[in-house]
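Following: one structure in structure tokens, then a few remarks.
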Amino acid sequence: MTEAPTLSDAAPAGPPPAERGMPASFLLTRAAALLGSAAVALGLFLSWDLLDRIDPAVPLLLSAATGALLIWVAADLLARADARLRPDRFGHPRPVRRRGWIGAGSLLLATVLARLTPWTGLYGFLPLGAAAVGVWCLSGAAWRAWLARPGAARSRRREERTRLTLPGWISLGIAGVLLLGAFLGPSNMLLLVCCLVVGPVAADAWFAAGCLRRCEVRRTAPAVAAAGEVALIELALHYRGRWLPAVQVTAEDRVRNRREDLAAAVSFAQAPPGERQTGVYRLEPRVRGPHALGPITLSTAFPIGLVRREILERDEAEMLVLPPLGTMTPAWDRRGAHADELAHHARPRKGLFEDEFYQLREYRPGDGSRAIHWRSSAKAGELMVREHHESRDRDLVVLLDLYADGPPGLETENTEERAASLAATIVAEHLRRHGGATLSLRTAGATQRMYLGRAGGDLTGPLSELALAEAGSAVDLGRAAAAAAAAAGPAARRALVTTRAVDDPAFVAAGLGARRGPAGGWEIVSARPGQYEPFFTPPRFENASADGAPFEGERR
């Protein structure tokens, strides 16, 4: 078994969505390449006759090389802009697709070169080669678009790609110089050496492609995890080869959430034919909510390292990360101690939340007539009364107010994460102490979510609702509070966890600060810095942030 380092310590595959954008160095490099190519093209146009006197091949080869460079830079810019204009559901850019742009540019280059030299002439391979590249790229882009339709989910499971490594690019550059010398010479020996240089590149690509086509990878991941805890993700590699083993195969998995776009790699040194090997990487999520796993990229550069062959396995899954649990301070317990005593000694009340039924027994002098169960009395031939036991478990109503009143930022996201963690801790500690209590949980933000259940069961249900809650600016506090309190009795403890300040005028407008009334009796706790510390201690994660400071449920 192969184990990779913890994913939370690995370098992210890209910056968070709020910080994404084309870096200045990238734009400067592409702009310099475009200006340089344009300058070379202008110089060729002005000095065409002079270069043609030296040798007709010189201006043609320079035109082909300059056009190819222009096409690559322009296609890269257009593809990256398109990837950022159509982000995925987490706000991250989609994969960069250059193939279609390169195909269209290659056909345009083939048309230009065909006007400079005949298709059947000595240098007719230049327009023919450009046309072949254009047709190949456009056909691949069309096939990818066909597989992207909704009814082709099974067919688009695998996608193959070939990339040249730095030694591969150097080898092709040397081969290009040798080819130019062979035509200018002319020299058959240089042409032979050029073929000897290109041969290993083609052989490396063929061997790597045959190896990866026989590899299959599957992921095993938990459906639910907790923020701040380690989740083990297993990648299983099955090699269906017959003779030679698969060597130096790397499986890279992608993990995305609304904050990060991470990558984890598991390396398999050697996979014998027909056998299955497993590798594990450790994921320590620190952001609640859904996490998308996949796709998985299988790659190898064995045996020479000139060409890296990649296969994209669209084995995608989703893992829900629950908010982390902190600790409520004694001040929070003292805040509700007096109300708890009142609830413990309250007289039995009728309705959904009255004292629980215990048994039927014979009538005793002093029993009230309302407790007589007449149907059972008729069957038994004597008076039978219903006996209840007093419930000492206090119900809980929690309203999570995720109000976003400004532009998204790190501090705003930290406050939202802390509010969800605070609400989850209140729910977990209250239900652990009150085994028969009823929980009414409501989240108010971008959408309204509701959960109603009883203690003693799994906490995954209410914590999942808190994990899926998203912040919003149009929150009706009065309506949300009334809906949350309607499912519980009047003696239930009501907690309002909010991202606003405690003295926000919205609470007074909604009537939530009053002691009495249908909308009153709420204990308001703000998740903003300086206001939650008396009642709540955030969870302390073991790992440290990038600057070495401890991670206490937020990014510093």
Side-chain angles (χ1 to χ4, degrees), residues 22-23 25-48 51 56-86 93-121 123-148 159-166 168-169 171-173 175-177 179-180 183 198 201-202 205 307-308 310 312:
M22 294 189 181
S25 58
F26 169 81
L27 291 176
L28 289 176
T29 304
R30 296 308 192 271
L34 279 175
L35 292 177
S37 302
V40 172
L42 181 60
L44 280 174
F45 177 76
L46 296 177
S47 59
W48 185 274
L51 295 175
V58 174
L60 290 175
L61 293 176
L62 288 177
S63 301
T66 305
L69 181 60
L70 274 170
I71 290 171
W72 169 260
V73 175
D76 187 60
L77 279 174
L78 291 173
R80 290 180 183 273
D82 179 68
R84 282 167 171 76
L85 291 175
R86 298 185 300 109
R94 295 184 181 272
V96 179
R97 306 293 189 187
R98 308 180 185 90
R99 203 166 189 175
W101 303 105
I102 293 177
S106 298
L107 290 181
L108 180 62
L109 179 62
T111 304
V112 174
L113 292 176
R115 298 180 63 87
L116 300 177
T117 181
W119 294 86
T120 58
Y123 303 105
F125 69 92
L126 293 176
L128 286 175
V133 171
V135 172
W136 178 65
C137 291
L138 285 179
S139 61
W143 176 248
R144 182 180 293 142
W146 173 258
L147 294 180
E159 179 182 334
E160 300 184 9
R161 295 181 296 192
T162 303
R163 301 179 184 274
L164 285 174
T165 62
L166 180 59
W169 282 110
S171 300
L172 286 186
V177 173
L179 182 62
L180 179 60
F183 274 95
V198 175
V201 178
V307 178
R308 175 167 293 278
E310 297 179 354
L312 196 68

ask   = Could you go step by step and tell me if Val307 and Leu164 meet the side chain to side chain contact (heavy atoms under 4.5 Å, CB included) rule?
value = CA-CA 5 Å; Val307 178; Leu164 285 174; 3.7 Å; yes
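- Across all non-hydrogen atoms, the minimal contact from Pro127 to Leu113 is CB-CB, 4.0 Å.
- Listed here is the closest heavy atom pair of Gly105 and Ile71: O-CD1, 3.0 Å.
- Residues meeting the side-chain hydrogen bond (donor to acceptor under 3.5 Å, both in side chains) test with Thr162, sequence neighbours left out: Arg309.
- Nearest heavy atom pair, residue Arg97 against residue Ala79, reads O-CB, 3.1 Å.
- Residues meeting the side chain to side chain contact (heavy atoms under 4.5 Å, CB included) test with Val198, sequence neighbours left out: Ala175, Cys194.
- Residue Cys137 comes nearest to Ile102 through the heavy atom pair SG-CG2, 3.9 Å, listed as atom of the first residue, atom of the second, then distance.
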message = Determine whether Arg161 and Arg308 satisfy the following criterion, side chain to side chain contact (heavy atoms under 4.5 Å, CB included), listing intermediate values before the conclusion.
response = CA-CA 9 Å; Arg161 295 181 296 192; Arg308 175 167 293 278; over 6 Å; no
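- In terms of heavy atoms, Gly100 sits closest to Leu138 at O-CD2, 3.6 Å.
- Looking at every heavy atom in both residues, Ala110 comes nearest to Ala131 through CB-N, 3.5 Å.
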